[in-house]
Amino acid sequence: MAGPALERTAPANGGDGTVYVLSLGDDENATGPSWLDEMNALLDEVEAADGPRGLVTVGRGPKHYSNGLDTAWMGDHPDETAAYVMRVQALLARLLVFPAPTVAAVNGHAFGAGAFLTIAHDHAVMREDRGFLCWPEVHLGMPFTVGLITMVRDLLPTRTAHEAVVTGRRYDGGAALAAGVVDGVASVDELLDVAVGIAATHATTAGSNLGGIKRSLHRGTLDALLDE
């Protein structure tokens, strides 16, 4: 199974700069410790690049964008779980203020931490014919941290945030769009091109000023995610 990987692409419709496509992997793409290491290294590469640029994340397998926390690893390492969850939250915080436009191309299921990963991006496009986005914690007997709840309240419409975490509703592409969770839907064949096009449209905004604007916009959420 292949883990995260990064490639550069030029948008089909032109545009300034480079769009980096970060593949989350080709399986369930659970956010385990080694996955976090690889993701941060690839984000370092994009952040260090010069000039106009955008970032798109996508799952490469046929079923998942991200299946969330690595619960198998957590079960084997109970004493390290709290520190691990904080590492996941740190990655979400990093994406939230990333100094380049970011787009999630949600090609399949996005559950739990995968759903948080989706909304941490500036924009999100979801596959229209397959896959669900869901916060299933209420059905699993798992609590949310203050940071994660703050993130939902910050990034989703109020009634959607309530419904999502209190009922654990599974949103397909159309429902996620109607609820304000994602910005658009596309066929599986067009999904990545649509996401790359959005990133390219805003690529000239990349830089420290964009990161600073995001940091100001999401200050309360950042504090909650990083200070627990």
Side-chain angles (χ1 to χ4, degrees), residues 2-26 29 31 35-36 38-60 65-66 90-108 110 113-128 131 133 151 154-156 173 176-177 180-218 221-222:
L6 188 67
E7 63 183 54
R8 298 170 57 161
T9 187
N13 59 349
D16 294 322
T18 298
V19 175
Y20 292 82
V21 178
L22 201 171
S23 166
L24 303 179
D26 61 6
N29 309 325
T31 59
W35 184 92
L36 289 167
E38 295 176 67
M39 284 288 292
N40 277 304
L42 295 175
L43 290 175
D44 286 344
E45 184 176 336
V46 179
E47 190 165 350
D50 294 324
R53 61 199 182 279
L55 174 70
V56 171
T57 65
V58 65
R60 289 298 192 187
Y65 174 73
S66 172
L91 178 69
L92 295 174
R94 182 178 188 181
L95 278 171
L96 199 59
V97 298
F98 199 73
T102 59
V103 187
V106 186
N107 61 294
F116 282 109
L117 187 67
T118 299
I119 64 173
H121 292 69
D122 300 320
H123 312 277
V125 182
M126 191 169 174
R127 182 173 171 176
E128 64 186 0
L133 185 148
M151 188 175 175
D154 178 19
L155 298 170
L156 296 182
L177 177 61
V181 182
V182 301
D183 304 291
V185 296
S187 70
V188 64
D189 293 332
E190 297 176 340
L191 181 70
L192 188 56
D193 285 342
V194 171
V196 167
I198 294 170
T201 297
H202 302 288
T204 57
T205 66
S208 60
N209 183 60
L210 176 61
I213 289 171
K214 293 181 186 181
R215 190 170 296 277
S216 297
L217 181 64
H218 300 298
T221 299
L222 292 175

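Keep in mind it's a predicted model, so treat the numbers as computed, not measured.
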Ionic contact status for R60 with E7, cut-off 4.0 Å: yes

Atom pair CG (L55) and CG (L43), whose distance is rounded to the nearest 0.5 Å: 6.5 Å

Side chain proximity check, L91 to T31, heavy atoms < 4.5 angstrom: no

Minimal non-hydrogen separation, G54 against A199, with atom names: CA-CB, 4.2 Å

Any V21 side-chain heavy atom under 4.5 Å of L6 side chain: no

Under the side-chain hydrogen bond (donor to acceptor under 3.5 Å, both in side chains) test, residues paired with H218 that sit two or more places apart: D154

Check: T18 side chain, R8 main-chain N or O, donor-acceptor pair, under 3.5 Å: no

Euclidean distance, E38 CD relative to S23 OG, rounded to 0.5 Å: 10.5 Å

Main-chain N/O of L24 paired with W35 side-chain donor or acceptor, under 3.5 Å: yes

Return all side-chain donor-acceptor pairs below 3.5 angstrom for residues 94-105, not counting sequence neighbours, or 'none' if the list is empty.
| from | atom 1 | to | atom 2 | distance (Å) |
| --- | --- | --- | --- | --- |
| R94 | NH1 | N40 | O | 3.2 |
| R94 | NH1 | N40 | OD1 | 3.1 |
| R94 | NH1 | D44 | OD1 | 3.1 |
| R94 | NH2 | D44 | OD1 | 2.6 |
| R94 | NH2 | E47 | OE1 | 3.0 |
| T102 | OG1 | D122 | N | 2.9 |
| T102 | OG1 | D122 | OD2 | 3.3 |

Sidechain-backbone polar pair: D183 side chain, V125 backbone, donor-acceptor under 3.5 Å: no

Shortest non-hydrogen separation from A186 to V194 and the atoms involved: CB-CG2, 4.1 Å

side-chain contact (heavy atoms from CB on, under 4.5 Å) between L177 and M126, worked out: CA-CA 8 Å; L177 177 61; M126 191 169 174; over 6 Å; no

Intermediate values then yes/no, side-chain contact (heavy atoms from CB on, under 4.5 Å), V56 and L22: CA-CA 6 Å; V56 171; L22 201 171; over 6 Å; no

Closest contact, heavy atoms only, G51 versus A206: O-CB, 4.4 Å

Any donor-acceptor pair under 3.5 Å from R53 side chain to V46 backbone: yes

Residue pair Y65 / T57: nearest heavy atoms and the distance that separates them: OH-OG1, 2.6 Å

Nearest heavy-atom neighbours spanning A120 and M151: CB-CE, 3.6 Å

Side-chain donor/acceptor of N107 to backbone N/O of V58, under 3.5 Å: no

